[in-house]
Amino acid sequence: MNLQKLSLPETSTKSSNTLRLYVVTSLLVLFLMMLAGATMRYTQGALIEVAPNIFYQLLTVHGAGMVGIAGLFSSSIMWYFLRRYVDLNTNIFLVNFVLFLIGVLMILGAIFFGDFAAAWTFLYPLPAKSMGVWSHHAAAMFLGGLLIIGVGFLLFYLDVTRAILKRYSNLYNAMGLQYLFGGKTLDEEHPPAVVASTMVLIINTLGILAGAVILVMCILNLYFPDDVTIDPLLAKNLTYFFGHVFINASIYMAVIAVYELLPKYTNRPWKVNKLFITAWFFSTFMVMMVYPHHLLMDFAMPRWALVIGQICSYMNGFPVLLVTAYGAVTLVHRSGIKWDLISRLLFLSMFGWVAGTIPAIIDATISVNLVMHNTMWVPGHFHFYLLLGLLPMLFAFSLFVTQTKSERNTRYLDEIFFSSYLYGSLVLIGTFLLSGKDSVPRRWAAHYAEWIPMSQIAAVGATMVVLGTLFFLIKIILRINKASLTADA
Ligand code: HEM
Ligand SMILES: [Cu+2]
């Protein structure tokens with residue numbers, strides 16, 4: 001692996017401080033958004049009383065906040081590891097952060113001062129049809145905030161593209177395709193981080209551009225409703241293409257932590273092979289083609305698009321997921337790995353990602369979707385791979401980069417809170433899925449008496465997740481100033 005490394009990236013205070021900003025902010029936002037999530041579950045379980053309009057504000061802030069911070073946090077993982085191989089610009093990474101903060105402030109203002117509550121999916125025409133609850137300005141503020149966040153990400157990906165092209169000449173070589181099609185002998189040292197980053201920059205640039213188009217159209221439509229009209233089906237296609245690609249790209253960025261960190265624990269390098277490269281190549285297209293699984297109920301969609309959505313959903317989940325999970329298991333098997341908090345989280349992320357894909361695939365089946373659509377099954381499946389797949393990667397990364405030599409041993413606390421997080425998540429996810437199976441609708445502020453017990457059990461799970469996360473947060477913040485954040489560079 002060393003062969004591929006550049007002479008070490010300058011580990012200036014600027015780059016460590018920027019990473020520090022990313023890690024601390026991301027963890028805090030994640031925690032606050034979890035509190036919003038827990039509050040919703042407490043409300044649905046009739047344990048506390050929250051007015052419905054406030055519930056929908058919480059739903060909006062939780063969805064937008066979680067998806068946004070998942071993207072930002074994951075981008076810091078990609079930046080951190082990718083800059084070992086290509087020369088990334090720290091200033092642009094910082095600009096992305098600043099634009100993100102501006103966007104967040106606009107979104108918070110729109111929701112909590114402007115009463116905007118049309119959910120993070122801002123599905124046209126809902127933002128414009130508030131029935132008097134929020135103004136056009138509040139809607140524009142929310143949409144504008146998302147747009148600014150998107151601009152930050154686009155700049156970041158532009159810099160990634162520049163840096164990758166400088167080192168690898170083209171994206172084809174960066175993805176390792178010359179080993180598949182060019183007849184070149186495979187270079188096992190080709191970094192998985194570069195393959196993954198190249199795929200992500202392609203899909204997420206397209207995804208964010210689609211998002212930007214519909215956001216701008218929606219903002220114009222708010223102020224010039226007669227001049228700018230939007231075809232609702234087109235709007236939905238663009239919106240879900242963006243939303244689907246963006247959240248998937250987060251996982252594909254964060255998984256780089258598994259490729260880079262697990263080898264350190266097992267003392268075995270993560271070598272690429274042709275299957276690995278094929279899987280990432282294949283997923284580049286699949287992940288973009290599957291988005292119609294969000295439109296399976298839209299009878300106006302051409303049937304072939306929905307069929308593609310279903311078939312690709314079956315196929316998309318597998319390639320990268322399997323080469324990664326299989327790679328992780330072979331790396332760990334009989335390696336004598338030391339199981340500490342970080343390695344456990346990394347391994348848990350493999351389980352969460354794989355297992356969470358199963359209910360996702362079930363829901364992407366047209367005949368099932370007719371029944372499960374808009375039930376709690378949907379938050380059930382995505383909380384599965386986000387809470388147990390994505391977040392463990394983010395926590396493991398943060399714990400890893402903030403390690404210090406003189407560390408206090410907190411093994412027992414680690415175990416208690418890791419368990420709290422793991423079992424709490426399983427309860428939270430399980431109750432979502434079981435409610436979904438009983439056709440309990442999603443996004444309802446008030447639940448019928450029959451549904452309340454399940455929401456109350458969920459509230460217990462949510463509390464356990466919050467406590468586990470609080471522990472990770474405190475542990476990381478306590479040592480982030482001492483750590484150089486270049487622990488292993
Ligand atoms: C303590 C942890 C969490 C709790 C208690 C929680 C709770 C909830 C609840 C109650 C809902 C609304 C369910 C409904 O439709 O009735 C929800 C929706 C959602 N959550 Fe979470 N959540 C948590 C963590 C996360 C994480 C880590 C992410 C992403 C990284 C996330 C992303 C979302 C998204 C995207 C929605 C959909 C919002 C919408 O329907 O517009 N959540 N969550
Ligand atoms: Cu999707």
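Counting starts at 1 for both ligands and their atoms, in listed order. Only heavy atoms go into these numbers, but all of them, side chains included; no hydrogens, no water, no symmetry mates.
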Worksheet item: Can you say whether the rings of Tyr448 and Trp451 are parallel (under 30°), tilted (30 to 60°) or perpendicular (over 60°)?
Response: perpendicular
Item to complete: Tell me, please, whether Trp79 has Arg83 positioned over its six-membered ring: NZ or CZ under 6.0 Å from the ring centre and within 45 degrees of its axis?
Response: yes
Worksheet item: With a 4.0 Å cut-off, would you call Asp414 and Arg344 a salt bridge?
Response: no
Worksheet entry | Heavy-atom gap Thr121 to ligand 1 smaller than 4.0 Å | no
Discussion item. With heavy-atom distances below 4.0 Å as the criterion, list the atoms of ligand 1 near Ala462.
Written reply: 5 (C)
Worksheet, complete the sentence: among protein heavy atoms, the one nearest atom 16 (O) of ligand 1 is Gln44 NE2, 2.8 Å
Discussion item. Looking only at N, O or S atoms, which one in His293 sits nearest to the Cu ion (ligand 2)?
Written reply: NE2
Discussion item. If the cut-off is 4.0 Å to any non-hydrogen atom of Ala38, which atoms of ligand 1 fall inside it?
Written reply: 5 (C)
Worksheet entry | Considering only N, O or S atoms of His244, the one closest to the Cu ion (ligand 2) | ND1
Discussion item. Could you check whether His293 and Tyr314, counting side-chain N and O atoms only, form a donor-acceptor pair closer than 3.5 Å?
Written reply: no
Discussion item. With a 3.5 Å distance limit and no angle check, can you tell me whether His244 reaches the backbone of Val287 through a side-chain donor-acceptor pair?
Written reply: yes
Worksheet entry | Proximal candidate to atom 12 (C) of ligand 1 [heavy atom criterion; set Asn374, Leu59, Leu30, Thr39] | Leu59
Worksheet item: Which protein atoms of type N, O or S are found under 2.8 Å from atom 21 (Fe) of ligand 1?
Response: His62 NE2, His383 NE2
Worksheet item: Which ligand 1 atoms does Phe382 reach within 4.0 Å, using its non-hydrogen atoms?
Response: 19 (C), 20 (N), 33 (C), 34 (C), 35 (C), 36 (C), 37 (C)
Fill in: Contacting atoms of ligand 1, where contact means under 4.0 angstrom from a heavy atom of Phe432
8 (C), 9 (C), 10 (C), 13 (C)
Worksheet item: Below 4.5 Å, heavy atoms only, C-beta onward: do Ile203 and Tyr252 meet side chain to side chain?
Response: yes
Discussion item. Run Arg411 and Asp340 through salt bridge (Lys or Arg N to Asp or Glu O under 4.0 Å) and show every step you take.
Written reply: CA-CA 8 Å; Arg411 214 182 59 182; Asp340 64 6; over 6 Å; no
Response to the item:
atom 3 (C) of ligand 1: of Val466, Leu428, Val465, the nearest heavy atom sits on Leu428
Practice prompt. Using atom types as modelled and distance alone, determine if a side-chain donor or acceptor of Asn221 lies under 3.5 Å from a backbone N or O of Val228.
Written response: yes
Worksheet item: Is it true that a side-chain atom of Thr463 and a backbone atom of Ala459 form a donor plus acceptor pair closer than 3.5 Å?
Response: yes
Response to the item:
Counting from 1 in the order shown, the ligand 1 atoms closer than 4.0 Å to a non-hydrogen atom of Leu391 are 27 (C)
Worksheet entry | Side-chain donor-acceptor pair present, Tyr157, Ser75, cut-off under 3.5 Å | no
Practice prompt. Please check if atom CZ in Phe113 has more than 12 non-hydrogen atoms from other residues, nucleotides or ligands closer than 6.0 Å.
Written response: no
Discussion item. Is the ring pair Trp280/Phe276 parallel, tilted or perpendicular, if the boundaries are 30 and 60 degrees?
Written reply: tilted
Practice prompt. Go through ligand 1 atom by atom and flag the ones less than 4.0 Å from a non-hydrogen atom of Arg443.
Written response: 14 (C), 15 (O), 16 (O), 39 (C), 40 (O), 41 (O)
Item to complete: State the atoms of ligand 1, each with its element, that fall below the 4.0 Å cut-off from a heavy-atom position in Ala119.
Response: 41 (O)
